[in-house]
J.: 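Let me give you the structure first, and then I'll get to my questions.
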Amino acid sequence: MPELPEVETLCRQLNTVLPGEKIIQIEVLDPRLGNIARAKVDGAVIFPGSVPKDSGLEKVAGLIGRRVEAVTRRGKYIHLQVEGGLTAALHLRMSGRLLYRPKAALENGRHDPNLQNSGSCPPFSRLVIAFSSGTLVLLDPRRFATFVVQPPAWSAPALPDDPLQGLPARRLWKIARTRRLPVKSFLMDQRLIAGIGNIYACEILFAAGIDPRRPACSLSATEWRKASKSAAAILRRAVDCRGTTMSDWRDLFGCSGTNQDHLEVYSRQGETCRRCSGRIERITQGGRGTWFCPSCQK
DNA sequence: TATAATGTTAGACT
DNA sequence: AAGTCTAACATTAT
């Protein structure tokens, strides 16, 4: 579900609530999550001493009692930088969501204990991280999301340039020269450009006036510059809008984004192109839907 | 009941 | 060898 703008939205919001907060407790509601995939414990509440040897939960347990220092984004990954040099790397994949629930204070000043455990969590809750100020819940109907705790020495793989700053047109043109795959698939290759997914690939190519079926190697240097400019503009606006809510995307506090109001092609098959009044088409590329305007995109 | 859904990747081809 | 394509992962919604 989330692409760069949605993940960026979550990171910015996480940075308003998590830094300085101590991790008090972690509940693993889905034993198949990420590197705790081999965990034998279902619905485990993790605290030091509660984790059996070789359960797969030791690394997660290492987070308990430590403070979050900062939250950063690498492509579509969310990194919780935790005291002691630990990094908790979260990827939401297709259907993952994050929800932050502040600890509700009652009128008499005491806290509501019902908001502190998974019993009150929404359906598809897979992981609950409790802080003193509230809880962070990972929701994920399809269970593709991953949560991997990396050791202190770990440094994330080198990230190609951030497309929010504009794609490095010269570099991409050079790499693309030998690639015959459709330019739309090329844009979604996370090793080359970190963060662009299906919605924004379609929207970027529409904005750039480029046919998604064209081989990557067929784009001129000028067209790559156009694509670069379009990418930065499309992604920045989407971040400003806190993401695109088609059906289930919500930000950290449960609010919808507004970028769906700016979509020109995605999910608009059969509808009228706002630029030329032609018809938006849907095709399949690499098993994914692609929407474009055949008369605007050449 | 069949299809598609905002992602990634292992394995099989070429 | 490097590039390309497909199936698979798991579940819901239409």
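First the proteins, then the strands, lettered A, B, ... as listed; each starts at 1.
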J.: How long is the line joining CG of Asp248(A) and P of dG7(B), in whole Å?
T.: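 Atom-to-atom, Asp248(A) to dG7(B), this comes out as 12 Å.
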J.: Salt-bridged, Glu6(A) to Lys76(A), with N to O below 4.0 Å?
T.: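 A salt bridge is absent here (no side-chain N lies under 4.0 Å from a carboxylate O).
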J.: Classify the nucleic acid contact of Arg97(A) as base, sugar-phosphate or nothing, counting any heavy atom under 4.0 Å across all strands shown.
T.: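 Result for Arg97(A) = nothing.
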J.: Starting at the 5' end of DNA chain B, write a dot or bracket for each base, bracketing those in Watson-Crick or G-U wobble pairs whose two distances are under 3.5 Å and using | for partners on another strand.
T.: .||||.||||||||
J.: Quick check: are there more than 12 heavy atoms from other residues, nucleotides or ligands sitting under 6.0 Å from CZ of Arg170(A)?
T.: no
J.: Leu187(A) CG to dT8(B) P: how many Å, rounded?
T.: 14 Å
J.: If we check side chain to side chain contact (heavy atoms under 4.5 Å, CB included) with Leu14(A), which of these qualifies: Leu90(A), Thr72(A), Leu136(A), Thr9(A)?
T.: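 With Leu14(A) as partner, Leu90(A), Thr72(A), Leu136(A), Thr9(A) yield a single side chain to side chain contact (heavy atoms under 4.5 Å, CB included), made by Leu136(A).
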J.: Quick one: Arg177(A) CZ to dA2(C) C1', roughly how many Å, whole number?
T.: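 For the pair Arg177(A) CZ and dA2(C) C1', the rounded distance is 16 Å.
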J.: Do any side-chain nitrogens or oxygens of Gln190(A) fall under 4.0 Å of OP1 or OP2 in dG7(B)?
T.: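 Indeed not, no polar side-chain atom of Gln190(A) lies that close.
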J.: Determine, for nucleotides 4-14 of chain C in 5'-to-3' order, which nucleotides have protein heavy atoms under 4.0 Å from the base (write B), from only the sugar-phosphate (write S), or from neither (write -).
T.: SS---BBBS--
J.: Could you check how far CE of Met246(A) sits from C1' of dA4(B), rounded to whole Å?
T.: 13 Å
J.: Under 4.0 Å from OP1 or OP2 of dG7(B): is there any side-chain N or O of His91(A) that close?
T.: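 Negative; the distance criterion is not met.
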J.: Quick one: CD1 on Ile129(A) to OG1 on Thr135(A), what's the gap to the nearest 0.5 Å?
T.: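 Result: 10.0 Å between the selected atoms.
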J.: Given atom CD of Glu3(A) and atom C1' of dT8(B), what is their separation to the nearest angstrom?
T.: 13 Å
J.: Counting only heavy atoms not in Arg180(A), do more than 12 fall under 6.0 Å of its CZ?
T.: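 Atom CZ in Arg180(A) is not packed in, count stays at 12 or less.
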J.: Taking dT9(B) as the reference, what is the distance to dA1(C) when you measure between their P atoms (whole Å, please)?
T.: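 Looking at atom P only, dA1(C) and dT9(B) are 23 Å apart.
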J.: Mind running ring pair (Phe, Tyr, Trp, His ring centres under 6.0 Å) on Phe186(A) and Trp224(A) for me, showing each step along the way?
T.: CA-CA 12 Å; Phe186(A) 183 90; Trp224(A) 275 116; 5.4 Å; yes
J.: Taking only the side-chain nitrogens and oxygens of Arg282(A), find out if one of them lies under 4.0 Å from OP1 or OP2 of dA5(B).
T.: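 Result: yes.
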J.: Testing Gln269(A), Glu203(A), Glu264(A) one by one against Trp291(A) for a side chain to side chain donor-acceptor pair (under 3.5 Å), which residue passes?
T.: Gln269(A)
J.: Between Arg93(A) and Asp140(A), is the closest basic N to carboxylate O distance under 4.0 Å?
T.: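 A salt bridge is absent here (no side-chain N lies under 4.0 Å from a carboxylate O).
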J.: What I want to find out is whether Arg242(A) reaches Asp251(A) closely enough, with some N-O distance under 4.0 Å, to be called a salt bridge.
T.: yes
J.: Between C1' on dG3(C) and CE on Met188(A), what's the gap in Å once rounded to a whole number?
T.: 18 Å
J.: Rounded to whole Å, how long is the line connecting atom CE of Met94(A) with atom P of dA5(B)?
T.: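 So the CE-P distance, Met94(A) to dA5(B), works out to 8 Å.
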J.: Determine the interatomic distance between P on dT8(B) and the same-named atom on dT12(C); round to the nearest Å.
T.: 22 Å
